[in-house]
Structure formats: C-alpha cells, structure tokens
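The next block holds one structure in the form of structure tokens; read it before the comments.
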Amino acid sequence: MSLLTLLLACRPASSLTETEQDSSWVVDSLAKDSETGGDTAELGAFDLLVSVADEQRVLRLHFADGFNQPPTTVWTWSLREDFPERDHKPHGLTVDGDTLLVTCFDYFTDAFVLRLDLLTGAVVNSPKGSGNLTWAGDPGREVLRAAHNTIRVDDQLLISDTHNHRVLALDSEGAFAWELNQETVGPDPYLRRWWSGINDVELVDGQLVVSARGDFFNHVLLFEPAQPLRPTDPPWRPVFRWPQVADDSKLLEAHNPRLIPGGFTVADSGNDRILALTWTGEEIWTLPGRGCPSNDLDLDWPRDGLMMGEVLLIADSLGDKVVAMDTAAGPCLNADTVLWTMDANGPYNLLVLPG
C-alpha cells in the first residue's frame, strides 16, 4: 500500500491510549460519522481544554449537553499565580497519560514545558526549560525561543522550537537527542534554503506533521520514519508539503494542522480563515466561505480550528474569542451558524476530551 493511500485513509484509532494521542488529533475520534460528521444535537458531554496565552491561563470546561447550555469550569490553571516571576504565555497542549503537557514562552527570553494533572490542573513538576546545553544541541542555541508545542514520541520529547527554526528532540533524561533543522531536513534544495518558523509538531499514525510560518516558508509538512545516517540525525524524512512552493494567497502564517477524514485542516492565520484540504492539496472547504458578509464575528488571526462532527471549534487569537460554528448551517459566521462563543484574550490551542 502506498504512503498516499495510507494518508487518505488514516484517522486516529479509537484504541489508541491517551499517551499515544496528542492535542491536535483527539477530537476526530468523537465524530459520530467518520465521513459526514455528527449531528450537533447529539454531541453529548465533553470537556474542552483551552490555552489562553495573553491571560496566561489554561482552562478545562465541561459541556454536559453539547452546546445546548453553558459550560461549567472544571479547573483553571494560572501561570501568573504559580510562577509570578515569569512572563510566559501558555500555548501548546498535549495529553500524555494522566497529565497535560503545556508549552509556555515569552517572545524575548526563553520557553519551558511543564505538566499539569489532567483532572485537577495542579502543577505536577517544576518547569523544564532552556538555559543549559543539554536542551540546545547547537551551542549557539542554548535557549528555547518561542517554542510552541511539545509531544512525546516513545521515550523522547519533541519540541517545536519556533524561533530556532527546528524540531528539537530530548531523551528521557532531558538531554539532546537530535534536531530537525535547515541542515538536517534532507537534500531537497527548497527545504534547505527556506526552512524556518517551525511552530507545531504532531504525531499521527506514525507520521510527523509539522507546520511552519517563516517569512518565506508557510507550509504544512509530513515526515515518515527514516534510518538516520548519524546518531544525532533526525529519524525522519519529508514526504509531503503544501503548498509545494510558498504562496501567501494559499497559506499565510500557518498554525496547528489537524487530521480529518480524507485530509487535514490548518489555521490559515494570516488570511483569517480555517482551511480543509486533501493530501493532494485540493480544497475541501474554507471557513468562513468566500463572499461572506463582514460582521462582528469575523475571524482575526485564528490559530486553531478543529472539527467535532459538523461543529468547527475556533481559537480566534486576535479576535479574543473561542467560537463553535455549526458548519452544516452555512459557510459564514453569523447568528444562524454560531452555536457558542467565549471571550478569551488571545486563545491559542484547543483540545477536546470525551466527557
């Protein structure tokens, strides 16, 4: 079976453990019908995790009856309360067993990763961050810079170290294992010239999905396992990118690609929309749709969008809101399609857990 055939068919299996699933792909297993989505009236109970970067908080909300009534707050974690000396913002969220990996950074110094108890929101361990060379690999990059997300793959942590333009892998002791960067990404001259701004890394069905928002490098990329030539080389090789050549009209400042049946979605932040595409680069849909009239629900630099049946959940970062949109009711955000909104100052990542 070809890699493309596998990609077109792949979806997160319901038998995966929480450890094997990650923040970007858990939601798809909640769809009632894998091809057409579910009835919004039948969503049932679920919990929604939200990282609110500018408020320096992570929220866990419980929806007892879909979007038919307001949620209750299960817990709120405040970085300001636990680490008042740090001016960092929580971004990426990843479930790892019974804990939640939270990646936090500020734009001018460094970043760190910590674990929260998934049930209570309490800090499980001290933040682990930059400032020592075991995290850096390259001695010229001794700090994490605007690292957006962290996942666990086997016994390694993989970090999208955005302003260092790499995926950084750490072993179980927190020491440097390898990094995927401009020099190690492979022989493709396009990648070796433009590779930059890596802001998300996810593991899906044994493949790495990576997004980038560099100045001249806005892409969704897919990597498959490969035998490294040297111990410190990445065990991954590129097999797909969209668009083939950077085109701001197609994708600008991409964030948080996610798996859907037959393809993937991506937050096209610079173009104020969420896109769904096939693995051959054909558009499935764009939301809001083309020609939608402007209103106060318009998106402003959305950085996350995930499908839950026929409902699209959107973290609209500069619009300072989280939105639940019934896509079956139309392609525009308006009173007929928006099921629920929540004011939030700079939401970044969304994660749905079964209720």
Side-chain angles (χ1 to χ4, degrees), residues 11-34 37-53 57-78 90-104 113-124 149-153 200 202-205 209 256-261 265 267 303-315 322-325 339-342 344 347-355:
R11 283 191 299 273
S14 59
S15 60
L16 289 179
T17 65
E18 284 184 324
T19 298
E20 291 168 319
Q21 295 184 0
D22 63 65
S23 63
S24 285
W25 315 97
V26 172
V27 64
D28 193 61
S29 67
L30 300 177
K32 305 302 183 205
D33 182 308
S34 62
D39 185 340
T40 59
E42 298 178 356
L43 290 176
F46 65 91
D47 282 15
L48 176 65
L49 289 162
V50 186
S51 61
V52 189
R57 297 193 299 163
V58 176
L59 310 176
R60 180 167 181 168
L61 307 175
H62 177 65
F63 291 80
D65 185 22
F67 295 104
N68 295 317
Q69 60 187 26
T72 56
T73 300
V74 180
W75 52 256
T76 299
W77 175 70
S78 170
H91 279 73
L93 306 175
T94 302
V95 170
D96 187 18
D98 58 359
T99 66
L100 182 70
L101 287 172
V102 183
T103 307
C104 308
V113 182
L114 55 79
R115 291 181 185 271
L116 303 181
D117 185 289
L118 193 58
L119 294 178
T120 67
V123 176
V124 173
N149 194 45
T150 303
I151 63 173
R152 185 162 68 83
V153 179
D200 193 38
E202 306 288 354
L203 180 70
V204 185
D205 288 348
V209 181
N256 291 317
R258 299 177 178 278
L259 189 72
I260 59 171
T265 63
R303 287 194 291 175
D304 203 1
L306 61 84
M307 293 300 298
M308 187 177 178
E310 291 182 342
V311 174
L312 175 65
L313 295 172
I314 306 169
V322 179
V323 180
M325 176 187 180
L339 302 171
W340 172 83
T341 63
M342 179 183 75
Y348 178 78
N349 210 184
L350 305 173
L351 169 58
V352 170
L353 302 173

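Here, residue 1 is the first one in the sequence, and each next residue gets the next number.
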Exercise. Which heavy atom of Leu118 sits nearest a heavy atom of Gly97, and at what distance?
Worked result: CD2-O, 4.3 Å
Exercise. Only one of Asp304, Val322, Leu48 forms a side chain to side chain contact (heavy atoms under 4.5 Å, CB included) with Leu313, so which one is it?
Worked result: Leu48
Exercise. According to the interplanar angle, ranging from 0 to 90°, do the rings of Phe46 and Phe63 count as parallel (below 30°), tilted (30 to 60°) or perpendicular (above 60°)?
Worked result: parallel
Exercise. Out of curiosity, Leu350 CG to Ser51 OG, how far, rounded to the nearest 0.5 Å?
Worked result: 7.5 Å
Problem set entry | Heavy-atom closest pair, residues Pro90 and Trp77 | CB-CZ3, 4.4 Å
For this session: Using the side-chain contact (heavy atoms from CB on, under 4.5 Å) rule, take Thr103 and Asn349 through it: C-alpha gap first, then chi angles, then the decisive distance, then the call.
Result: CA-CA 11 Å; Thr103 307; Asn349 210 184; over 6 Å; no
Exercise. What heavy-atom pair brings Val311 and Phe67 nearest, and what distance separates the two atoms?
Worked result: CG1-CE1, 3.7 Å
For this session: State, with a plain yes or no, whether a side-chain heavy atom of Asn256 is found less than 4.5 Å away from one of Tyr348.
Result: yes
Seminar exercise, completed: Between Leu351 and the options Asp47, Val58, Thr94, Leu100, the side chain to side chain contact (heavy atoms under 4.5 Å, CB included) test singles out Leu100
Problem set entry | Minimum heavy-atom distance Pro347-Val50, with the two atoms named | CB-CG1, 4.3 Å
Seminar exercise, completed: Distance col, row Arg60:CZ vs Thr72:OG1, nearest 0.5 angstrom, shows 10.5 Å
Seminar exercise, completed: On a heavy-atom basis, the closest approach of Pro71 and Leu61 is CB-CB, 4.1 Å
Exercise. So, do Leu93 and Leu101 sit near enough that their side-chain heavy atoms are less than 4.5 Å apart?
Worked result: no
Problem set entry | Side chain to side chain, Trp75 and Leu49, heavy atoms closer than 4.5 Å | yes
For this session: Without swapping roles, check the side chain of Asp117 against the backbone of Thr120 for a donor-acceptor pair under 3.5 Å.
Result: yes
Problem set entry | Rounded distance (nearest 0.5 Å) linking atom CD1 of Ile260 with atom CG of Leu306 | 11.5 Å
Seminar exercise, completed: Nearest heavy-atom approach of Ala53 to His91 is CB-CE1, 3.8 Å
